[in-house]
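Read the structure below first, then the notes.
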Amino acid sequence: MIKVSVLYPNAKGKNFDIDYYCNQHVSMVAGLLGDAIKGATVEKGLGGGAPGSMATFAAMGNLYFESMDSFQNSFGPNAEQIMADLPNFTNIEPVIQISEVMV
């Protein structure tokens, strides 16, 4: 199983519309990628390690795929449309990590 994490680093002056992300963007991505997606989660940052500190990430989106090929074959043709939607919910440049799920 492959997990594609899209991390949105938090900082002063950065905006993230979690409602749009959860209710519009995620459903659009799911519709475009179809059956290739095996699961998805969205996490909203609440705080950092120290009491009262800002969360390192405003939000994280995670998509699960059976294989790297499944991810690449479904995401590649739709990447431009997916990335074009980012300004509708954030001014943060996301950090992407692709991982192999071990447990």
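The structure displayed is predicted, hence computed values, not measured ones.
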>> Can you tell me how far apart NZ (Lys3) and CD (Glu100) are? Round to the nearest 0.5 Å.
In response: 12.5 Å
> Can you list the residues that meet the side-chain hydrogen bond (donor to acceptor under 3.5 Å, both in side chains) rule with Gln81, with sequence neighbours excluded?
Replying inline: none
> In terms of hydrophobic clusters joined by side-chain contacts under 4.5 Å, are Ile96 and Tyr8 together?
Replying inline: yes
>> Main chain of Asn15, side chain of Thr90: is a donor-acceptor contact present, judged purely on distance under 3.5 Å?
In response: yes
> Which residue pairs satisfy the side-chain hydrogen bond (donor to acceptor under 3.5 Å, both in side chains) criterion with at least one member in residues 23-37, sequence neighbours excluded?
Replying inline: His25-Asp85
>> In this structure, would Phe16 and Met83 fall into the same cluster of hydrophobic residues linked by side-chain contacts under 4.5 Å?
In response: yes
> Tell me, do Thr56 and Asn10 make a side-chain contact under 4.5 Å, heavy atoms counted?
Replying inline: no
> If every non-hydrogen atom of Val29 is compared with every non-hydrogen atom of Ile37, which pair is closest and at what distance?
Replying inline: O-CD1, 4.3 Å
>> Same cluster or not: Phe75 versus Ile98, using hydrophobic residues (I, L, V, M, F, W, Y) connected whenever any side-chain heavy atoms lie under 4.5 Å apart?
In response: yes
Validation: residues 62-69 side-chain donor-acceptor distances under 3.5 Å, sequence neighbours left out:
| residue | atom | partner | partner atom | Å |
| --- | --- | --- | --- | --- |
| Asn62 | OD1 | Ser5 | OG | 2.8 |
| Asn62 | ND2 | Thr41 | OG1 | 3.1 |
| Asn62 | ND2 | Glu43 | OE2 | 3.1 |
| Ser67 | OG | Ser70 | N | 3.1 |

> side chain to side chain contact (heavy atoms under 4.5 Å, CB included) with Lys14: which residues, sequence neighbours excluded?
Replying inline: Ala11, Asn91, Ile92
> How would you list, by chain and number, every residue that makes a side chain to side chain contact (heavy atoms under 4.5 Å, CB included) with Phe57, sequence neighbours excluded?
Replying inline: Leu7, Pro9, Met60
> Does the side chain of Leu33 come within less than 4.5 Å of Asn78's, by heavy atoms?
Replying inline: yes
>> Please enumerate all residues that pass side chain to side chain contact (heavy atoms under 4.5 Å, CB included) together with Val42, with sequence neighbours excluded.
In response: Ile18, Tyr21, Cys22, Val26
